[in-house]
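Structure first, commentary second.
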Amino acid sequence: MIERLLSSPFPGNRELLAQLAHTAVVEGCRCGCATVNLSVDRVQAAPAAVISDAPVSADICDGDTWAGLVLLVDDGYLACLEVYSIGEPVRRLPPPHTVRPRPTG
């Protein structure tokens, strides 16, 4: 999913994409939604020059449910894939090809 979000051109997307090889999921949200916190090996990966701490987002809509994704960055490093919704939490992400990234900056 993160690769899909980073497929949209925006300042810093290539550097963030390169960080994926050095990124691990460190924990999921306690509510059970699909949100995950990320940790990047900052020795192995360079920071990205992004213009926003939330450089890309996307909407998820399956008819009855409206939700969204936002990729969060901290000091130029991947930090979180946030999944938010109105109503029930999103527990599983949709197939990446159904998501249309939208740069926010």
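For this chain, numbers begin at 1 and follow the sequence in order.
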Open item on the list: Using side-chain contact (heavy atoms from CB on, under 4.5 Å), reason through Leu38 and Ile2 one step at a time and then give a plain yes or no.
Closed with: CA-CA 11 Å; Leu38 307 168; Ile2 294 172; 3.7 Å; yes
Task: Hphob cluster co-occupancy, Val50 + Leu20, side-chain heavy atoms under 4.5 angstrom - done: yes
Open item on the list: Can a donor-acceptor pair be found, under 3.5 Å and without considering hydrogens, that links the side chain of Asn13 to the backbone of Leu6?
Closed with: yes
Open item on the list: Working to the nearest 0.5 angstrom, can you tell me the gap between Tyr84 OH and Cys29 SG?
Closed with: 15.0 Å
- [ ] Identify the heavy atoms of Ala67 and Ser85 that sit nearest to each other, and give their distance.
- [x] CB-CB, 3.8 Å
TODO: Determine yes or no for a side-chain-to-main-chain donor-acceptor pair under 3.5 angstrom, with Tyr77 supplying the side chain and Ala45 the backbone.
DONE: yes
- [ ] For Pro101 and Ala58, work out which heavy atoms get closest and say how close.
- [x] CA-CB, 4.2 Å
- [ ] Heavy atoms only: give me the nearest Arg42-Asp74 pair and the separation to one decimal.
- [x] NH2-O, 3.4 Å
Task: Glu3 side-chain N/O to Pro96 backbone N/O, donor-acceptor pair under 3.5 Å - done: no
Open item on the list: Can you give me the closest heavy-atom contact between His22 and Gln44, atom names plus distance?
Closed with: ND1-CB, 3.3 Å
Task: Spacing of CZ belonging to Arg102 relative to CG belonging to Leu69, to within rounding of 0.5 Å - done: 10.0 Å
Open item on the list: For Val83, is there any backbone N or O sitting under 3.5 Å from a side-chain donor or acceptor partner on Thr35?
Closed with: yes
Task: Test item: Cys33 and Val90 side chains (from C-beta on) under 4.5 Å apart, heavy atoms - done: no
TODO: Give, for atom CZ of Phe10 and atom OG1 of Thr104, the distance between the pair rounded to the nearest 0.5 Å.
DONE: 8.0 Å
Task: Atom of Arg92, atom of Ala34 and distance for their closest heavy-atom approach - done: N-CB, 4.5 Å
Open item on the list: Counting C-beta onward and ignoring hydrogens, is there a side-chain heavy-atom pair between Leu81 and Leu93 closer than 4.5 Å?
Closed with: yes
TODO: Quick one: closest heavy-atom pair of Gly12 and Ala48, and the distance?
DONE: O-CB, 3.7 Å
Task: Main-chain N/O of Gly32 paired with Arg91 side-chain donor or acceptor, under 3.5 Å - done: yes
Task: Test item: Glu82 side-chain N/O and Leu71 main-chain N/O as donor-acceptor pair under 3.5 Å - done: no
Open item on the list: Using 0.5 Å steps for rounding, measure from the OG1 atom of Thr23 to the CG atom of Leu78.
Closed with: 5.0 Å
- [ ] Apply the test side-chain contact (heavy atoms from CB on, under 4.5 Å) to residues Arg14 and Leu17: give CA-CA distance (whole Å), side-chain angles for both, the deciding distance (0.1 Å), then the verdict.
- [x] CA-CA 5 Å; Arg14 289 184 181 165; Leu17 189 58; 5.5 Å; no
Task: Enclosure of Arg100 CZ (heavy-atom neighbours >12, cutoff 6.0 Å) - done: no
